[in-house]
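So the structure is just underneath, and the comments pick up after that.
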Amino acid sequence: MISCFIFDLDGVIVNTSTHHFHAWQQIANSLGIEFSENDNQKLKGISREDSLKTLLKIGNQIISDSEFKKLLELKNNIYLDLISGLDKNAILPSVTEKLNFLKSSGYKIALASSSKNAKTVLNQIGLNDYFDAVIDGNRVSKPKPNPEIFLTAAKLTNSTAQNCAVFEDSFAGICGVKDANMLAIGIGNKEILYNSDYVFENFGQISNQFLESL
Ligand code: BG6
Ligand code: MG
């Protein structure tokens, strides 16, 4: 029986995935690497460091450690600039409604995001108060697809893995959820998130009855 729902942030709660993509596109351009929306699927859910490593692999490039650090900082500055005006209008459709339902029904709610900017984003969109635990990229040593972030969310909400269901929009995230032995609910494309237990295009398609039946 599910008693705790764990949410990813970027691409699940808020439409920041496109901002991450556009920031990486600028970095790719500066390196002369062609980087498509399709390539960006590989970057979804993974840490900033792993994203840059993946981008360099796509472009078949090797750079120095100091250049690597500089580009990470530059990417983050571009991203922070892109999200500077972010507010509750950026919350994806039906998310607030689902959070209200889960909260009022007594479920535990946690956030498990690879982003080191997760707390900033949550504050900007005003959803902080819904979460019993917030685990972001600063709190884990092994990023997604490692299950650590989800297991930490279970621990901090006094839940067991079997009692947790996770909403995720990335392939890396879903792999981590399955390795944590939790129920994986994909949000997005069925073909990309094929290893999920359930996939919905968005929260508007998820009924409260379905959540209660889990
Ligand atoms: C994830 C995003 O939530 O966070 C990735 O899906 C992003 O695209 C990652 O790279 C790390 O985010 P940040 O904000 O720490 O660079
Ligand atoms: Mg995501």
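Throughout, numbering of the chain's residues begins at 1 and tracks the sequence. Numbering of ligands and ligand atoms starts at 1, following listing order.
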How far is atom 15 (O) of ligand 1 from its nearest protein heavy atom, and which residue and atom name does that atom have? K116 N, 2.7 Å
Looking only at protein heavy atoms, what sits closest to atom 5 (C) of ligand 1 is I46 O, 3.6 Å
Taking only heavy atoms of [X], which atoms of ligand 1 are found under 4.0 Å from at least one of them?
X: S51; result: 10 (O)
X: L43; result: 5 (C), 8 (O)
X: G45; result: 2 (C), 5 (C), 6 (O)

Go through the structure and list residues passing side chain to side chain contact (heavy atoms under 4.5 Å, CB included) with L214, not counting sequence neighbours. I2, F5, L183, I185, Y198, F210, L211
Separation between [atom1] of [X] and [atom2] of [Y], rounded to the nearest 0.5 Å:
X: I33; Y: D39; atom1: CD1; atom2: CG; value: 10.0 Å
X: L127; Y: L99; atom1: CG; atom2: CG; value: 6.0 Å
X: S51; Y: E49; atom1: OG; atom2: CD; value: 8.5 Å

Is any N or O atom of R48, backbone or side chain, closer than 3.5 Å to an N or O atom of ligand 1? yes
Could you check, using the six-membered ring where one of them is a Trp, whether Y130 and F7 have ring centers closer than 6.0 angstrom? no
Of I135, V12, I149, L9, the residue whose pairing with L111 passes side-chain contact (heavy atoms from CB on, under 4.5 Å): L9
Looking only at non-hydrogen atoms, which of S47, S170, S115, S113 approaches atom 12 (O) of ligand 1 most closely? S115
Counting heavy atoms only, which of N117, D169, D10, D50 comes nearest to atom 1 (C) of ligand 1? D10
So, the side chain of [X] versus the backbone of [Y]: is there a donor-acceptor pair under 3.5 Å, distance only?
X: E168; Y: A184; answer: no
X: S115; Y: N117; answer: yes
X: S94; Y: E97; answer: no

Under 2.8 Å from the Mg ion (ligand 2), which protein N/O/S atoms are there? D8 OD2, D10 O, D169 OD1
